[in-house]
Structure formats: C-alpha cells, structure tokens
Novice: 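Quick one: the structure is below, and I'll ask about it shortly.
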Amino acid sequence: MNFEKVYEPQRFEPHWAQWWIDSRLYQVDVAKAVPGHIFSLVIPPPNVTGSLHIGHMLDHTVMDVAVRWHRMLGETTLWLPGMDHAGIATQMVVERELAKEGITRRQLGREEFERRVWQWKEEYGGRIQTQIRREGASVDWSRERFTMDHGLSRAVRETFVRLWEKGLIYRGEYMVNWCPRCQTAISDVETAHEAVEGFLWHIRYPLTGSHDALTVATTRPETMLGDTALAVHPEDERYRHLVGKTATLPILHREIPIITDPIVDPKFGTGVVKVTPAHDPNDFEIGKRHSLPFIKIIGEDARMTAAAGPYAGLDRFEARKRIVAALEQSGELIKTEPYTVNVSKCDRCKTVVEPLVSTQWFVRMKPLAERAMEAVRSGQIRFVPDDREPVFFQWMENIRDWCISRQLWWGHRIPAWHCASCRKITVARETPATCPHCHSTELQQDPDVLDTWFSSGLWPFSTLGWPDKTPDFETFYPTSLLITGFDILFFWVSRMIMLGLECTGCVPFRQVHMHGLVRDAERQKMSKTKGNVVDPLELIDRFGTDACRVALLVSASPGTDIALKEDRIEASRGFTNKLWNASRLLFLNLGRSGIRNWAPSGGALTTDSRATEDVWIFQRLNVAADTVNHALERHRYHEAAQTLWDFVWHEFCDWYLEVKKLRFREGSGLDPHWRAALTAYEATLRLLHPFMPFITEELWQRLIHGNATNEQQPRSISFARYPAASATALKTTHEIQIFELMKEVVEAARKLRADHKLDPKATLAATLYLHSATFAPEDLAAVAALSKLTVEQRSGAMGEQSGLLRSTPEFDLQIHAAASAQNGAVTGEARARILKEIANLERAIENSDRQLSDPVFLSRAPEKVVANLRAKREEYRIQLDKNRKLLEGLE
RNA sequence: GGGCGCGUAGCUCAGUUGGUUAGAGCGCCUGCUUCACACGCAGGAGGUCACAGGUUCGAGUCCUGUCGCGCCCACCA
C-alpha cells in the first residue's frame with residue numbers, strides 16, 4: 001500500500017470530494033425519513049457576486065460539522081445549498097463590467113441587461129459550487145436552489161400578494177434613504193452611520209418686519225433652500241412671542257412661518273430648528289404635522305434642482321460650500337463651530353445617503369415583529385449562545401417599516417400593475433391581461449424590483465417547495481438549525497423569522513447559532529479595498545481542506561471573532577500529518593500481525609483486551625467521545641475540536657501508540673493487541689470525521705474496504721455511527737491508575753535525565769520503589785523502554801538515598817548512574833532549580849495548612865475538595881523532603 | 001444617548017453552575033535525525049488573570065466602581 005511519509009491532501013481531497021458527489025452520497029431520500037430523526041438546515045445562500053471568502057469557509061465548516069455529526073447519529077440529514085441573486089451587489093458588478101466595454105445598462109436596455117446578469121450568474125455560480133465542494137461541505141446538490149429560480153420566484157409573488165391583501169404591504173410617498181450612486185432607495189439596515197468631522201453653522205434668519213433675527217444651527221446649510229418653517233419647542237418661553245410670526249429665508253428671501261413642535265430640543269443650539277420637510281426625516285414628520293410645503297431642492301442625482309434657484313445643477317456638497325460663502329458675505333453666517341456629524345452612508349458603495357421623499361413600497365413591520373419576538377421569548381426559537389438575544393429584541397422593539405422596492409433591474413419584479421386608464425394598482429400572483437377595475441388593457445408592471453432580502457427571507461421554505469405542501473416541505477420544515485455570522489442578524493435572520501411565521505405559521509428554524517467574523521492576523525476586518533482578503537482556495541491548496549477546517553474550528557469560540565494566523569493553519573496541517581503517520585505506523589505493521597476478520601465494532605467503545613494501555617485508551621476514548629458529543633450539542637465547536645486534538649495527539653499518539661509499538665516488537669500473542677488498537681483507531685477516525693472529512697474518509701476506506709471483507713459496512717465513513725460514550729466506561733479502574741502511574745514514572749525519569757544532563761542515548765540502571773502498586777512485568781518493561789532505563793522494581797519505601805532521585809507519594813525513582821556530564825555549571829543550575837522548587841513547595845504547604853486548620857473551611861467545603869487538598873499537601877510534603885535531600889546530595 | 005462584549009504567558013486566545021501550584025497553539029531556550037511522523041520527539045523558561053473595592057471558608061470565575069479597547073443600535077438640527 002502506498003503510504004508516503006508526509007500526508008499530501010491534494011492527492012486525496014479532490015478525489016473524495018468528487019466521489020461524494022458522483023455517488024450522490026448526501027442526496028437525501030425524503031421517503032426514508034423517520035419523524036423525530038430528521039435534521040435539516042439551509043445554507044445561507046452566498047451572493048453570486050463573486051467568490052467565497054474565508055468567512056464563508058468558517059460558516060460552511062461549522063455547518064458541515066453539525067451536519068456530518070447528525071448524519072452519523074443516524075438522522076435523515078438534509079443540508080440544502082444554493083445562492084442568492086444579490087440584487088444591488090450583482091447589478092453593480094455587472095455594470096462595472098459593462099463600463100469596461102464603455103456601455104451603460106440603459107444603452108443595453110432592461111431585457112438585454114438581465115440576460116448579461118444571467119450570464120454572469122452562470123459563470124460565478126459555477127465557481128462558488130467548486131469552492132463549496134472543496135470545503136468538503138456535504139450538501140445535497142440535487143436540491144440546490146437559486147433565489148431567482150422559478151419556484152422561489154413563485155414563493156416571492158405569493159408572499160407579496162398575501163402581505164398586500166392583509167394590508168401588511170403598502171405603497172406611498174415617504175422619506176427614504178436614497179443612494180445617489182446606486183440610484184435606488186435602500187432600507188435602513190443597508191446604511192451605515194459614520195462619525196465625520198464637520199461643522200455646525202449658525203445662520204441668521206431675519207424676522208419679518210423687525211430688525212431682530214433668529215439664529216439657527218445646522219450641519220447641512222444647503223438644505224436651507226428647502227426650508228418651509230422654523231420650529232421651536234412649544235414651552236420655550238424665549239420664543240413664545242414669535243410663534244405665528246414669520247421669518248425670511250436668507251438667499252431666497254422666502255417668508256416662512258415660525259411654528260412649535262415638541263420634537264425640538266430647547267437645550268440644543270439656539271433652540272430653533274430650520275425645517276426642511278423634503279430632506280430630513282425629522283423635518284418630514286414636522287412638515288406632515290403642520291402641513292408645510294415640501295420643496296425638493298436636491299434631486300436623485302444629488303444635484304440641486306431648479307427649486308434651488310441660483311444653485312440649481314450644482315452637486316449638493318459644492319452647493320454647501322457656495323451657500324456658506326454667500327452667507328458669510330452677507331453677514332448672515334454668525335458662527336462656524338467644528339462639530340462631529342453622524343452621516344449615513346450606503347453600505348454598498350459608501351456614498352453619503354440623501355434622505356428623499358419618494359414613492360416606494362413598504363412592509364408594515366410591527367405586527368410581524370411582535371410574533372417574532374414571541375417566538376423567541378417562548379423558546380420556539382433558541383439562540384445558542386443566547387448573548388445575541390438582547391440585540392435581537394432591541395432591534396425588533398424599535399423596528400421601522402421596511403422599504404422593499406428598489407429602482408434596479410436585477411431582482412424580482414414587484415407583482416403590481418398600474419392601469420394607465422383608471423390609475424388603479426393591481427397586485428396579483430399572475431400577470432393580469434386586463435385591469436380588474438376598468439378592464440383596460442393598458443397595464444404596466446411596476447418597474448421596481450424587490451429588496452434582495454425579501455426573497456432571502458423566504459429561503460428556509462421557498463427552497464423546500466412552499467407554497468406547495470411538497471414532501472420536502474412537510475418533512476424538513478421547520479429546519480432544525482440556522483448557522484450564520486451575526487453580521488446578518490437584522491438583514492436576514494430576523495426577516496426569516498418574521499416572514500416564516502407569517503407565511504407558514506411556524507418558525508423557520510428551531511435554533512440559531514451565530515459565530516464571529518474571520519479577521520486577518522492583525523484583527524482587521526477583511527475587505528477588498530484593504531487587500532487583506534484571504535482566498536480559501538489558496539489556503540486549501542497550500543495546507544489542505546482538513547487543516548484549514550481544523551484551524552478555523554479550534555479558533556472559533558462562540559462570541560468572539562477569529563484572528564486568522566497562518567501559523568495556526570500550519571499547526572493544523574501538523575495535526576493532519578500526525579494522524580496520517582499514526583495510521584502509517586498501524587498500517588505498515590498490520591501486514592506482520594497476521595490478523596484476520598477484523599471488523600469495526602460500531603457500537604460501544606469497549607475492548608476485550610486486559611492490557612493496561614488498552615483499558616486506558618478505551619477510557620480516554622470514551623471520555624473524549626463524551627466531551628465531544630456534549631460540546632457539539634451545545635454548539636461549542638472549538639471545544640469539540642480541541643478535545644479531539646488533545647486526545648489524538650497527546651493520548652493516542654504520545655502514550656498509547658508509544659506503548660503499543662513496544663508490544664508489536666515483541667511479535668507473539670499479538671492478536672488481542674491488534675484488535676484493541678484497530679478498534680480504538682477506527683473509532684477515533686469516526687470521531688474525527690465531521691471535523692476532518694477527507695483524511696478520515698481516505699484512512700477509513702483503506703482500513704475498512706482496503707483488504708478485509710466488510711461489505712456490510714457503510715460505503716463511506718460519513719454514514720458510520722458516531723461514537724457515543726457509555727457511562728460505565730468513563731469510570732477510573734485499577735488498570736487506568738496503573739497506566740497513569742506508568743506515565744508518571746516515565747516523566748520523572750525523563751526529567752531527571754534532562755535535569756542532570758545525562759547521556760540521552762545511554763540506558764541507565766534504576767530502582768523503582770512503588771509504595772502501594774505493583775507493575776506487571778510487561779508494564780515494567782514498557783516503563784523501562786520509554787524511559788531508557790533498566791528498572792528494578794521494589795515495593796515499599798526507598799532504602800539508601802543515593803544517586804539521582806525523583807519522588808512522589810506513589811513512588812521513588814532512583815537512577816544509579818552518577819551524572820556523566822555533571823560539572824560545576826550543571827550543579828549550579830540544578831541547585832537553583834531545586835531551591836526554587838523548595839520555595840514553591842513551602843508556599844504551597846503553608847497555604848494548604850492554613851486552609852486545613854480553618855474550621856470554617858472544613859465544615860463548608862465539599863468533602864472531595866478537602867480530601868484533595870489533604871492528598872495534595874501530603875504530596876508537597878514528600879516532594880519537599882526529597883528535594884531537601886537532593887540538595888544535600890549536591891553539596 | 002442606549003445595548004452587548006473584551007482586557008489571562010512575548011503573540012493569538014481557551015478557561016459554562018466559585019474549589020486550591022492557572023491551560024493550549026505559535027514563538028523562545030536546551031537536548032535528540034530513536035526503524036509512524038523534524039509538518040517530529042523529550043525537557044524547560046515565561047502570568048501579582050487591567051486596576052480598586054466588596055461578597056465568600058475560598059474569586060480568573062459573582063457584585064460595584066475606575067481606566068483602556070471593540071462592536072451594534074439611535075431622528076438630537
């Protein structure tokens with residue numbers, strides 16, 4: 001069998017990825033699903049915009065661990081893949097492509113443009129599929145979906161019509177966030193607030209028919225051209241006499257009324273606010289309350305409109321400069337003070353958003369949010385960990401209506417038709433031929449498309465066939481779990497909960513697990529502009545998928561972001577290589593074993609072998625399995641991965657195999673040893689499989705289907721049973737204590753050798769005084785081999801205290817050889833070390849004594865704690881004693 | 001302004017009902033190419049757990065305050 005010294009992931013990973021797909025391994029047969037044993041989740045559909053980044057890989061890896069675990073628990077497990085059409089984002093990249101050819105989308109026309117975007121989707125969608133495959137994600141490709149698929153588009157229309165009919169969708173003229181760059185309205189969550197150093201300009205508004213004036217502070221002087229009132233607080237005594245009078249708008253010399261509105265904060269600035277109903281959300285409300293004129297002075301292109309008089313045609317920021325200059329000149333600018341302004345920027349292109357009054361479609365959120373909050377409060381949906389819940393509730397409680405129409409071409413067209421003759425709107429599931437109100441045929445579909453998140457919000461059920469009651473929908477909905485980054489809690493998670501409850505009457509998932517972001521080694525957010533984006537495929541090529549997965553998983557503790565460092569991946573590659581070489585040891589020796597008819601147990605993690613190391617490793621295996629299963633249940637993936645790392649490396653390899661190796665060399669009576677070793681090894685592979693699917697598949701196939709007759713075994717390790725611990729196997733027995741004692745003796749010997757700079761190669765004579773236990777001959781032989789000693793075992797207390805000593809409450813180890821390289825320097829070093837240890841021990845004993853003589857401690861502390869402390873104290877005392885003697889010996 | 005979180009070894013971080021010399025990976029030092037692995041093995045140095053109080057027999061862990069840092073939400077012009 002070909003078994004290289006170094007594991008080369010590139011040789012195996014693509015092969016198994018392909019095999020998993022070709023053999024349709026993860027394609028679920030819905031007919032075989034057993035109620036109560038079903039696990040389903042949907043992938044958060046990546047944008048077709050480009051390629052996956054490392055954050056997706058973390059997301060997908062965590063999901064894959066969960067999915068493979070459930071699958072190995074024997075549940076019917078569906079992981080549904082797919083992609084999102086990502087309206088605005090995709091339209092932008094395609095437009096950018098067109099720009100390279102020197103064309104705009106308008107030149108192309110709507111239909112042709114849409115064709116180009118579909119082309120793009122074909123190309124990049126394929127790339128994303130490849131990436132998901134290489135991540136090892138065990139998705140069901142036969143159920144792959146795209147948000148613009150026919151079925152999903154049907155779900156979108158169905159939802160829209162239902163919400164409209166229930167009055168939960170409305171159309172109207174309101175203030176929205178307008179991105180002048182993207183040329184569309186965007187929702188509140190698509191804007192990002194940013195503190196910018198700006199100014200607060202104090203402007204004088206002369207009172208009509210008086211020499212007096214009111215001073216108004218503003219951060220946006222250009223909007224004054226659209227002012228239609230000044231407002232003060234109703235109880236502000238300073239201005240009470242002016243209410244009802246008018247002031248003159250500088251520059252345009254328009255007369256505007258002075259009104260009162262409770263929203264004005266008398267303590268801010270001068271307590272007088274200029275009111276620009278068409279360009280400020282607050283002013284919009286004031287304007288409505290007082291029926292003020294709405295003068296639109298900034299247009300969709302962020303340039304001043306004709307209403308801006310002399311400034312018409314100027315960019316809004318240029319207009320600001322000129323207006324400030326003009327006011328300064330006319331003496332109407334009283335004061336300019338530096339001020340930090342919160343500006344809203346478009347999430348997508350970072351352009352400063354312009355609040356504009358515009359006719360858009362909205363979803364009434366309050367009633368939806370109520371049900372969503374109730375679902376979380378009542379535990380129908382659980383956040384794990386739950387520390388994100390307050391954020392969810394805070395947002396839900398303050399929710400505002402959702403602007404869902406976008407002035408884009410790429411997306412789901414709003415299913416509403418405008419009648420040119422009667423002016424009425426028809427919202428319908430199917431394109432109407434005539435206007436149902438006046439039977440006119442002059443119907444035109446609304447030009448807008450829906451916010452991308454509208455269709456994503458239906459994802460958990462639209463992908464399963466809803467609104468039809470398909471077998472998939474009936475079987476897999478509600479899904480069991482949602483795993484995603486917390487950065488899309490508002491965009492996606494909340495909306496799925498709301499729309500799921502509204503459309504299906506049921507929560508879309510039972511649990512939500514949110515992980516952190518992957519940041520670069522310097523904890524910077526990854527972004528294309530910073531150029532610190534890590535391409536998962538590149539890492540996979542260099543280190544292998546399994547290594548990358550493990551690196552991500554061990555770093556992914558809940559609630560914190562991951563700072564991805566390459567040395568972490570290198571360490572994980574070391575781990576895969578370690579596993580590979582442990583396997584190599586077993587496989588290369590297997591030929592000599594003469595073992596026949598070995599088959600994996602599959603069931604309980606037990607062995608018939610009474611060999612000390614076998615009993616020990618099976619207990620450790622059970623403990624590991626127990627910890628891992630519990631950790632996975634609670635979505636503590638890092639803990640699970642870390643546990644396996646430690647088990648495989650520091651227990652299975654460092655101790656178990658090291659001892660087993662000695663047994664193998666003995667050559668005879670090996671059968672039980674081999675059976676135990678293979679059983680433990682095979683169970684270890686199964687434990688590891690959800691985390692490292694590729695290498696475990698490769699090794700398992702070699703072990704199971706390589707030579708033995710194992711036809712009744714599953715085709716793939718991913719359908720083998722996930723190991724479960726049994727309670728009895730977790731207990732500590734005599735053999736286990738013996739093995740722990742063996743470890744301690746070996747470690748003591750190694751330490752002595754290093755401390756005294758003994759020849760690392762020499763086999764030295766030693767006497768081991770075991771105070772209560774006794775080693776069987778084969779165990780003593782193992783201890784001797786691992787510590788390179790010829791050990792004579794005696795029971796009871798040590799006699800003559802000479803040579804090099806190491807003592808514990810259980811044993812004294814005495815190496816007879818004088819330190820071969822011992823010289824003054826070494827003695828000094830050893831002395832210093834011993835002195836330090838003595839000091840530490842004295843302190844520890846002092847602490848223990850204080851505690852143990854405290855009656856309150858003795859009465860309140862649990863018995864176990866007290867007993868532990870007593871034992872520890874005894875151990876310190878013995879060590880201290882031996883150290884003092886050792887020191888004397890040196891002098 | 002509100003909410004959430006963080007501050008533990010040189011670096012990145014674990015540490016879930018409070019329990020007794022505080023852990024890992026990387027880096028560092030010493031030794032070892034031992035017939036699974038130098039992507040390795042053995043040994044080691046390194047921490048007043050941000051600071052100050054409090055609760056407790058006992059605090060990295062719970063409470064209060066201070067300082068420093070981060071994120072999210074928010075219509076204060």
Side-chain angles (χ1 to χ4, degrees), chain A residues 3 5-7 175 188-189 193 200 216-220 223 231 263-265 267-276 280-285 339 341-342 355 385 387-391 393-395 398 486-487 489-490 517 521 523 543 547 551 554-555 557 559-568 570-589 634 636 638-639 642 645-646 653-654 657-658 661 665 747 750-751 753-755 757 760-761 788 833 840-841 843-844 847-848 851 854-862 864-866 868-869 872-873 876:
Chain A
F3 225 124
K5 270 192 170 185
V6 174
Y7 175 61
M175 178 143 289
D188 294 334
V189 287
H193 298 283
L200 194 58
V216 168
T218 181
T219 55
R220 297 196 60 195
T223 61
I263 203 168
V264 180
D265 177 3
K267 291 189 284 293
F268 186 90
T270 56
V272 186
V273 176
K274 59 189 270 312
V275 182
T276 322
D280 180 276
N282 278 332
D283 296 1
F284 178 80
E285 296 300 326
Y339 193 74
V341 198
N342 251 344
D387 49 359
R388 295 285 162 194
E389 269 183 23
V391 183
F393 282 115
Q394 191 192 311
W395 190 72
N398 300 308
F486 66 78
D487 51 326
L489 174 62
F490 306 137
L517 256 53
R523 306 216 112 255
F543 300 105
V554 294
S555 326
S557 55
T560 46
D561 290 350
I562 295 176
L564 187 72
K565 292 188 130 193
E566 221 164 73
D567 57 20
R568 185 89 233 182
E570 277 171 26
S572 301
R573 178 182 59 186
F575 181 68
T576 54
N577 196 52
K578 188 75 184 173
L579 175 66
W580 179 256
N581 273 288
S583 312
R584 190 164 181 260
L585 170 71
L586 289 168
F587 278 90
L588 294 183
N589 283 291
R634 291 170 301 153
R636 298 182 61 87
H638 74 300
E639 195 180 311
Q642 192 63 53
W645 180 298
D646 291 338
C653 290
D654 285 354
L657 285 184
E658 288 301 326
K661 228 156 57 172
R665 277 179 206 154
E747 277 168 347
R750 285 170 177 167
K751 198 162 156 54
R753 195 185 285 265
D755 278 359
K757 303 218 186 290
K761 282 170 207 144
K788 266 202 193 126
R833 201 170 286 176
N840 283 344
L841 287 164
R843 188 158 37 83
N847 285 340
S848 316
Q851 292 260 326
D854 181 350
V856 191
F857 169 72
L858 294 173
S859 63
R860 302 229 181 136
K864 205 175 78 183
V865 173
V866 178
N868 268 350
L869 186 56
K872 284 262 183 189
R873 199 214 163 271
Y876 303 151

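Below, read A as the first sequence line, B as the second, and so on, with proteins coming before strands; counting in each chain starts at 1. When reading the values below, keep in mind they use all heavy atoms of this one structure, side chains included, and skip hydrogens, waters and symmetry mates.
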Novice: Taking donor-acceptor contacts at under 3.5 Å, does the side chain of A:D567 reach the base of B:rC26?
Specialist: no

Novice: Could you please name the option among B:rA36, B:rC57, B:rC37 that lies closest to any side-chain atom of A:L585?
Specialist: B:rA36

Novice: Can you identify which nucleotide, out of B:rG43, B:rG3, B:rC37, has its nearest atom closest to the A:Q394 side chain?
Specialist: B:rG3

Novice: Of the nucleotides B:rA36, B:rG25, B:rA77, which has the atom closest to the A:T218 side chain?
Specialist: B:rA77

Novice: Can you tell me the base-pairing partner of B:rG47? Count Watson-Crick or G-U wobble geometry only, both distances below 3.5 Å, and say none if there is no partner.
Specialist: none

Novice: With rounding to whole Å, what would you report as the distance between B:rA14 and B:rU8 at their C1' atoms?
Specialist: 10 Å

Novice: For the residue pair A:T223 / A:K274, report whether a side-chain donor-acceptor contact shorter than 3.5 Å exists.
Specialist: yes

Novice: What does B:rA42 pair with, Watson-Crick or G-U, if both distances are under 3.5 Å?
Specialist: B:rU30

Novice: Using whole Å, what does the distance between atom C1' of nucleotide B:rG40 and atom NZ of A:K5 come to?
Specialist: 10 Å

Novice: Could you check how far CG of A:L657 sits from C1' of B:rC37, rounded to whole Å?
Specialist: 11 Å

Novice: Counting only Watson-Crick pairs (N1-N3 plus N6-O4 or O6-N4) and G-U wobbles (N1-O2, O6-N3), all under 3.5 Å, who is the partner of B:rA24?
Specialist: B:rU12

Novice: On a whole-Å scale, what distance lies between the C1' atoms belonging to B:rC49 and B:rG60?
Specialist: 5 Å

Novice: Ignoring backbone atoms, establish whether A:H193 has a side-chain N or O less than 4.0 Å from OP1 or OP2 of B:rC73.
Specialist: no

Novice: What's the closest nucleotide to the A:P760 side chain, out of B:rC75, B:rA42, B:rG31?
Specialist: B:rG31

Novice: Take atom NZ of A:K267 and atom P of B:rG1, then tell me their distance rounded to the nearest Å.
Specialist: 14 Å

Novice: Distance check: side-chain N/O of A:K661 vs OP1/OP2 of B:rC41, anything under 4.0 Å?
Specialist: no

Novice: Within this structure, what is the CG-to-P distance between A:D387 and B:rC72, rounded to whole angstrom?
Specialist: 16 Å

Novice: Hey, which of these two, A:R634 or A:E570, hits RNA chain B nearer its 5' end, going by closest nucleotide?
Specialist: A:R634

Novice: Please compare A:V866 and A:D280 by the position of their nearest nucleotide in RNA chain B and report the one closer to 5'.
Specialist: A:V866

Novice: Answer with yes or no whether A:E658 presents, from its side chain, a donor or acceptor under 3.5 Å of a partner atom in the base of B:rA42.
Specialist: no

Novice: Any side-chain to backbone donor/acceptor pair from A:N581 onto A:K5? Under 3.5 Å, distance only.
Specialist: yes

Novice: Report the distance from atom CH2 of A:W645 to atom C1' of B:rC26, rounded to the nearest whole Å.
Specialist: 10 Å

Novice: Test A:V264 against every option in A:V275, A:V273, A:N282 by the side chain to side chain contact (heavy atoms under 4.5 Å, CB included) rule and name the one that passes.
Specialist: A:V273

Novice: How far, in whole Å, is B:rU48 from B:rA22 if one measures between their P atoms?
Specialist: 12 Å

Novice: Looking only at the side chain of A:W395 (C-beta and beyond, no hydrogens), which of the listed nucleotides B:rC73, B:rA77, B:rU33 gets closest?
Specialist: B:rC73

Novice: Taking only the side-chain heavy atoms of A:V6 (C-beta and beyond), determine which of B:rC72, B:rC39, B:rA74 contains the nearest atom.
Specialist: B:rC39

Novice: Determine the Euclidean distance between corresponding P atoms of B:rG65 and B:rC4; express it in Å to zero decimal places.
Specialist: 13 Å

Novice: Looking at A:N577 and A:Y7, would you say the former's side chain and the latter's main chain have a donor-acceptor pair under 3.5 Å?
Specialist: yes

Novice: Please state the C1' separation for the pair B:rU61 and B:rA42 - nearest whole angstrom.
Specialist: 34 Å

Novice: Would you call the rings of A:Y339 and A:F268 parallel, tilted or perpendicular, taking 30° and 60° as the class edges?
Specialist: perpendicular

Novice: Using only side-chain N and O atoms of A:K578, determine if any of them is under 4.0 Å from OP1 or OP2 of B:rC41.
Specialist: yes

Novice: Hey, does the side chain of A:K788 reach the backbone of A:P760 with a donor-acceptor pair shorter than 3.5 angstrom?
Specialist: yes

Novice: State which of B:rC75, B:rG25, B:rA77 makes the closest approach to the side chain of A:F268.
Specialist: B:rA77

Novice: Taking B:rC76 as the reference, what is the distance to B:rG70 when you measure between their C1' atoms (whole Å, please)?
Specialist: 25 Å

Novice: Which nucleotide in the list B:rU20, B:rA36, B:rA77 gets nearest to the side chain of A:Y339?
Specialist: B:rA77

Novice: Is there a donor N/O on one and an acceptor N/O on the other, under 3.5 Å, for the side chain of A:K565 and the base of B:rC26?
Specialist: no

Novice: Rounded to the nearest Å, what distance is computed from the NZ atom of residue A:K757 to the P atom of nucleotide B:rA42?
Specialist: 18 Å

Novice: Under 4.0 Å: is that the gap between some side-chain N or O of A:Y7 and OP1 or OP2 of B:rA36?
Specialist: no

Novice: Under 3.5 Å for both donor-acceptor distances, Watson-Crick or wobble: does B:rG18 have a partner, and if so which one?
Specialist: none

Novice: Can you measure A:F857 atom CZ to B:rU20 atom P for me and round it to whole angstrom units?
Specialist: 10 Å

Novice: Classify the nucleic acid contact of A:R573 as base, sugar-phosphate or nothing, counting any heavy atom under 4.0 Å across all strands shown.
Specialist: base

Novice: Is it true that A:E658 and A:K661 make a salt bridge, defined as a side-chain N closer than 4.0 Å to a carboxylate O?
Specialist: yes

Novice: Sticking with atom P, work out how far B:rC29 lies from B:rU66, rounded to a whole angstrom.
Specialist: 44 Å

Novice: Please report, rounded to the nearest Å, how far the C1' atom of B:rC75 is from the NZ atom of A:K274.
Specialist: 14 Å

Novice: Please round to the nearest 0.5 Å and tell me the distance separating atom CG of A:D188 and atom NE2 of A:H193.
Specialist: 7.5 Å

Novice: Counting only side-chain heavy atoms from C-beta out, which of B:rA77, B:rU56, B:rA42 sits nearest to A:D654?
Specialist: B:rA42

Novice: So if I take every side-chain heavy atom of A:P862 and compare against B:rG19, B:rC11, B:rC37, which nucleotide ends up nearest?
Specialist: B:rG19

Novice: Partner lookup for B:rC4, please. Criteria are Watson-Crick or G-U wobble with both distances under 3.5 angstrom; report none if nothing qualifies.
Specialist: B:rG70

Novice: Report the base-pairing partner of B:rG53 (Watson-Crick or G-U wobble, both distances below 3.5 angstrom), or none.
Specialist: B:rC63

Novice: Expressed as a whole number of Å, how far does the C1' atom of B:rG68 sit from that of B:rA52?
Specialist: 15 Å

